[in-house]
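Report on the following structure.
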Amino acid sequence: ERLQEPSDASRKLFSEFAFAFDIDGVLYQGRNRVEGAEKVIKMIRNNGIRYVFLTNGGGVSEDKKADTLQDRLQLNKYDDVIRGRMILSHTPMSAWDDSLKNGGTVLITGSHPEQARQIALDYGFKRVVTPGDILAACRDVYPFELTKDGLHGNHVPLPEGKRIPHLKDPYSTEIPHDALKIDQIFIWNDPRDWSVDTQIIHDLLISHKGYFGTVSRKNGDKSLPNNGWQQDSQPGLWISNMDLLWKTNYPLNRFGTGAFMEALKGLWSTTTDGMKLQFDALGKPSNYTYKYAHDRLLQYYHDMACNRGQADKTHDVTKCQPLRRVYMIGDNPESDIRGANDFNAADGTEWIPILVRTGVWRQTATEREPRYKPAVIVDDVVDAVVWALNNEG
Ligand code: G3P
Ligand code: MG
């Protein structure tokens, strides 16, 4: 009953605002749907209000994630309600320029490296390597037994006949012509085998120009900025999100991708005598991700027409319809609320963060207020939408 059918007068304003829904801790908690979440989505959709799902989850394709959400919300009859509206932590990479995608070899790690590889290929990356490929090419890289769940069981030969050399002098800058060179490292979601991934990523970060099995001579050179660490054209390091915690159906918050990154930062500081790990982060709260979501919302009506086969799929800025406000409904102050507060849309659209109590954030005796302030704190996603609709008058 909390969700009333909107009046005709308010319907006229529906094209002026939009919703960005966080998923974990807002629409579901692990396997459990948040009560009323499916009604909210149907109501918004039926009234032609624009929306996206903006999650820091990843490691699966957008369509697979959409199917999971659809199942958990039991929205089976409403196929296109969710498909096509899904923005995962790594989705903005699909819009990268082709020159960035073709510019070298990418190492991908994550929960399911084989799926991650396929997603990267679908995005247009040409040469993709997983930790499993490296271990299959040279088992000596990792001295311990592997987990028995087949995580690294699937592998393909290294691209273009490359190999992992056993160099007599790993400090030599004379590199065999067929040595594997990695140009970018993408951590796409919560790694399952931290030990393997940490070893391989670290090997690359200390390497000479990304050649696996080499060591940079610049490392530790005090005359260079950052003491020479990450100063020798090593691969760029990207993490798909920095969420330390996320909400599942277990009562206590669980560690997320950001926890792996904190561990890697700590290790890097130890091995480099206190240097700061350099990397780029996608996902909320990064501006990059909010800008991507904003553009998708501007194009919403055009995208919907494409889905119905009534418009040409090519991106056309003239098809963008302006917005006044976007309501970001999230449960994590560090990512959802902070990101919406920090984002300044070039067209002046206001992003308004709403914090719900069904997720990561809880009011405690020591933390009465969230660190990043939302416009309002409400019980759940239903109340969040009701608040937003009232705010629209
Ligand atoms: O792994 C997912 C988690 O880090 C957060 O997902 O939907 O709350 O942004 P979400
Ligand atoms: Mg969340």
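Every number for a ligand or one of its atoms is a count from 1 in the order of the listing.
Interface of K284 with ligand 1, defined as ligand atoms under 4.0 Å from a residue heavy atom, comprises 9 (O). Of all atoms in ligand 1, numbered sequentially from 1 with element shown, those under 4.0 Å from a heavy atom of G57 are 1 (O), 2 (C), 6 (O). Numbered from 1 in the order shown, with element, the atoms of ligand 1 that lie under 4.0 Å from a heavy atom of I23 read 7 (O). Proximity to D22 (heavy-atom distance under 4.0 Å) selects the following atoms of ligand 1: 7 (O), 8 (O), 9 (O), 10 (P).
Contacts of K247 with ligand 1, taken as heavy-atom pairs under 4.0 Å, are absent altogether. Counting heavy atoms under 4.0 Å from ligand 1, residue D243 touches it through the side chain alone.
When the options L355, I329, V386, V356 are evaluated for a side-chain contact (heavy atoms from CB on, under 4.5 Å) with V378, the one that passes is V356. With S111 as the partner, the side-chain hydrogen bond (donor to acceptor under 3.5 Å, both in side chains) test is satisfied by one option alone out of D190, N189, D193: N189. With K284 as reference, D336 is the one residue of D336, T55, N332, N241 to meet the side-chain hydrogen bond (donor to acceptor under 3.5 Å, both in side chains) rule. Exactly one residue among R139, R117, R127 makes a salt bridge (charged side-chain N to carboxylate O under 4.0 Å, His left out) with D133. That residue is R117.
At a cut-off of 2.8 Å, D336 does not coordinate the Mg ion (ligand 2) through any N, O or S atom.
The pair K265-E262 counts as a salt bridge, with a side-chain nitrogen and a carboxylate oxygen less than 4.0 angstrom apart. Here R2 pairs with D380 in a salt bridge; the nearest charged N to carboxylate O distance falls below 4.0 Å. Ion pair K247/D24 not flagged as a salt bridge, since none of the NZ, NE, NH1 or NH2 atoms sits closer than 4.0 Å to an Asp/Glu carboxylate oxygen.
Counting protein heavy atoms only, atom 6 (O) of ligand 1 is closest to D24 OD2, 3.1 Å. Protein heavy atom in closest approach to atom 7 (O) of ligand 1: T55 OG1, 2.6 Å.
Annotation: F186 is not in aromatic contact with H90 [ring centroid separation under 6.0 Å not met].
Annotation: angle subtended at the Mg ion (ligand 2) by D331 OD1 and D22 OD2 is 90°, to 10°.
Summary: O is the N/O/S atom of D24 found nearest to the Mg ion (ligand 2).
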